[in-house]
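Every chain is numbered from 1 and lettered A, B, ... according to where its sequence line falls, protein lines coming before strand lines.
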Amino acid sequence: MAKQQIERVKGTRDLLPEDMVKRRYVFERIREVFEVYGFKEILTPTFEYTKLFQLRSGEEVVKQLYAFKDKGGRDVSLRPDLTSSVARLFVNKFQNAPKPVKWYYITNMFRYEEPQSGRLREFWQAGVELIGSPNIEADAEVIALMIESYLSTGLKDFTLNIGDRILLDEFAKMLGVKDDIGLMRLIDKKDKMSREEFIEALKDFGLNDDAIEKVFSLIELKGKPDEVLPKAYELFTSKEAKEELKKIEELFELLKAYGVYDYALIDFGIARGFDYYTSIVFEAIAENDLGIGSIGGGGRYDNLIEVFGGKPTPATGFAIGIERLIPILESKGLLPNLRLSSDVLVVYIGKELEIKKKVIEITQMLRKERIKAEYELQGRKLRKALEYADKVEIPLVIILGKRDLAEGKATIRDMISGEQKSIEIEKIAKEVKEMLA
RNA sequence: GCCGGGGUGGUGUAGCCUGGUCAGCACAGGGGACUGUGGAUCCCCUAGCCCGGGUUCAAAUCCCGGCCCCGGCCCCA
């Protein structure tokens with residue numbers, strides 16, 4: 001009698017065989033694309049010194065971390081993402097490596113937050129980091145890769161929305177706002193309130209009518225670059241802003257060359273947390289009715305490596321949220337039917353050791369041919385064994401009893417048609433392959 | 001951290017408001033009817049009131065606290 005039932009830890013999930021086949025399918029598609037773009041797989045430790053994450057994001061981030069003291073008194077945290085670890089690794093060992101450094105990872109992350117739709121405490125991300133190039137080509141490369149990653153999973157109904165931290169900073173300056181983060185958070189919430197409420201909120205924030213007018217101009221800067229950029233050049237007057245806009249114009253030209261232009265949009269309202277991003281930021285949105293917002297995001301972080309004690313090194317990257325992507329793929333019927341069951345069940349009739357041994361030999365023969373084969377381990381009677389095969393959708397059953405064995409044969413049963421034939425034991429593997437084909 | 005809704009066998013649920021029959025049903029699982037042939041039927045078995053406290057003669061049921069789940073807020077690297 002169990003004294004105590006141990007449950008899963010809050011915000012975690014058990015992944016069952018049927019979940020794992022789907023995930024593996026998605027991971028493999030994404031991995032293929034990462035690889036053909038020349039990214040190499042890496043993995044850093046599951047936990048790091050808490051300091052690493054504090055250095056990047058400040059003290060308040062600790063309450064969103066799975067942070068604890070180990071037995072040696074070290075303050076450590078489970079990784080909330082891989083970007084910090086990658087930057088640390090780069091500073092530790094790769095500062096003199098040939099540039100660019102192109103790394104990817106597919107692994108789990110941990111954040112101590114309240115679970116809700118599309119949000120767990122342990123979750124998986126597939127992401128890349130491209131370190132060493134300050135050029136807009138590098139931004140284009142990762143954005144194109146992100147788009148192609150989604151496409152490889154069959155997703156088509158999505159957009160990659162591109163914003164820019166520099167322009168947001170310029171915007172805040174134009175309005176004379178010091179708390180640019182606060183302003184952007186407010187702008188982020190615009191869709192959750194009515195126009196009147198939004199105007200009220202902006203007034204409460206301290207903006208005058210002219211500034212509010214400008215905020216609305218900014219929000220309208222969303223869509224295809226041909227429409228948005230001309231308006232943006234009107235709204236932004238500073239030299240820095242104009243230069244940044246020129247880069248974005250070029251970025252979209254490059255995306256045309258990559259062949260992914262159709263999926264990319266401008267959205268200058270994107271803030272992406274404001275942690276360490278320095279210019280181009282982006283996030284992917286897929287239309288869905290599951291209440292899932294962004295399915296991935298990224299951007300340029302040109303001073304993070306410096307923060308970690310490295311030489312100033314530009315970098316950019318993104319991460320795809322697997323737990324958000326998979327339900328969307330599933331709801332759109334984009335995941336193929338992946339059968340889990342074995343191809344063959346070998347069943348014996350009778351209790352003689354000789355028959356059981358022959359059944360094992362047949363099973364092994366099939367396995368050597370890389371056919372997924374199992375034999376009846378429960379010792380069920382033939383009738384029950386057939387019911388079992390039917391229930392778990394094993395398409396072929398090989399039956400071996402005294403009568404078959406006496407002739408050196410076994411019976412193969414096609415579980416779908418019900419047809420059976422007697423076949424010499426040595427020829428089973430060949431026959432099974434033909435029947436499965 | 002805050003707010004709302006919920007927690008009954010492995011799964012889905014009835015019962016809760018109006019405390020009191022062995023907590024009912026279905027599916028799944030195991031066995032049998034049928035000792036070499038399944039996807040049909042019948043029978044049997046396994047297995048449950050999230051945890052702790054309180055009220056009461058009596059708690060799955062009412063009250064309090066906790067934990068967990070679903071969703072929302074904050075936040076979202």
Using a 4.0 Å heavy-atom cut-off across all strands, classify A:Gly418 as base, sugar-phosphate, or nothing.
-> base
Among the nucleotides B:rA77, B:rG36, B:rG38, which one has an atom lying closest to any side-chain atom of A:Ile399?
-> B:rG36
Which residues within residues 118-145 of chain A lie with some heavy atom under 4.0 Å of an atom in RNA chain B?
-> A:Arg119
Can you check whether A:Ile360's main-chain N or O pairs, donor with acceptor, with A:Gln364's side chain at less than 3.5 Å?
-> no
Assign each of A:Val61 and A:Met415 to its nearest nucleotide of RNA chain B by heavy atoms, then name whichever residue's nucleotide is nearer the 5' end.
-> A:Met415
Length of the line joining A:Met184:CE and B:rC74:C1', which is rounded to integer Å | 19 Å
Between B:rA77 (C1') and A:Tyr301 (OH): distance, integer Å | 12 Å
Its contact letters, B for base, S for sugar-phosphate only and - for none at protein heavy atoms under 4.0 Å, make nucleotides 27-32 of chain B read --SSBB
Can you tell which of A:Glu141, A:Glu148, A:Lys102 makes a side chain to side chain donor-acceptor pair (under 3.5 Å) with A:Tyr37?
-> A:Glu148
Measure from NZ or CZ of A:Arg121 to the centre of the six-membered ring of A:Tyr112, then state whether that distance is under 6.0 Å and the direction lies within 45° of the axis.
-> yes
With sugar-phosphate meaning primed atoms plus P, OP1 and OP2, does A:Thr411 contact a base, only sugar-phosphate, or nothing at under 4.0 Å between heavy atoms?
-> base
Does A:Thr83 make a side-chain N or O approach to OP1 or OP2 of B:rA77 shorter than 4.0 Å?
-> no
Touch class at under 4.0 angstrom, heavy-atom based, for A:Lys351 against every strand present = nothing
What's the CD1-P distance between A:Ile398 and B:rG38, to the nearest Å?
-> 19 Å
Using a heavy-atom distance cut-off of less than 4.0 Å, which residues of residues 424-437 of chain A contact RNA chain B?
-> none
Return no unless some side-chain N or O of A:Arg383 is found under 4.0 Å from OP1 or OP2 of B:rC34.
-> no
Ignoring hydrogens and geometry, is there a side-chain-to-backbone donor-acceptor pair from A:Arg324 to A:Gly118 under 3.5 Å?
-> yes
Verdict with reasoning, A:Phe34 to A:Phe39, per ring-ring contact (aromatic ring centres under 6.0 Å, His included) | CA-CA 6 Å; A:Phe34 285 1; A:Phe39 285 77; 7.0 Å; no
How long is the line joining CD of A:Glu387 and P of B:rC34, in whole Å?
-> 15 Å
Under-4.0 Å side-chain N/O to phosphate OP1/OP2 contact, A:Gln116 with B:rG72 = yes
Contact under 4.0 Å: A:Arg13 side-chain N or O vs B:rC70 OP1/OP2 | yes
More than 12 non-hydrogen atoms from neighbouring residues, nucleotides or ligands closer than 6.0 Å to CD on A:Glu354, yes or no?
-> no
Exercise: do A:Tyr104 and A:Glu35 side chains pair donor with acceptor under 3.5 Å | yes
With a 3.5 Å cut-off and no angle check, do the side chains of A:Arg79 and A:Ser85 form a donor-acceptor pair?
-> no
With rounding to the nearest 0.5 Å, note down the distance linking CG in A:Leu340 to CE in A:Met20.
-> 11.0 Å
Rounded to the Å, how far apart are A:Glu114 CD and B:rG4 P?
-> 14 Å
Rounded to whole Å, the CG-P distance (A:Leu400 to B:rG36) equals 13 Å
Answer for the Watson-Crick or wobble partner of B:rG48, both distances under 3.5 Å, is none
Please state how far atom NZ in A:Lys63 lies from atom P in B:rC76, giving the value in whole angstrom units.
-> 10 Å
Between C1' of B:rU37 and CG of A:Leu382, the distance in whole Å = 5 Å
Write down the partner of B:rU56 under the Watson-Crick or G-U wobble criteria, each distance required to be under 3.5 Å.
-> none
Any strand is fair game: report the nucleotide pairing with B:rA26 by Watson-Crick or G-U wobble, both distances under 3.5 Å, or none.
-> B:rU11
Short question: side chain of A:Arg111, backbone of A:Pro80 - any donor-acceptor pair under 3.5 Å?
-> yes
Just to confirm, is there a sub-4.0 Å distance from OP1 or OP2 of B:rC75 to any side-chain nitrogen or oxygen of A:Arg185?
-> yes
Would you mind pulling out the nucleotide paired to B:rA33, Watson-Crick or G-U wobble, both distances under 3.5 Å?
-> B:rU41
May I ask you to verify if any side-chain N or O of A:Arg272 is less than 4.0 angstrom from the OP1 or OP2 atom of B:rA77?
-> yes
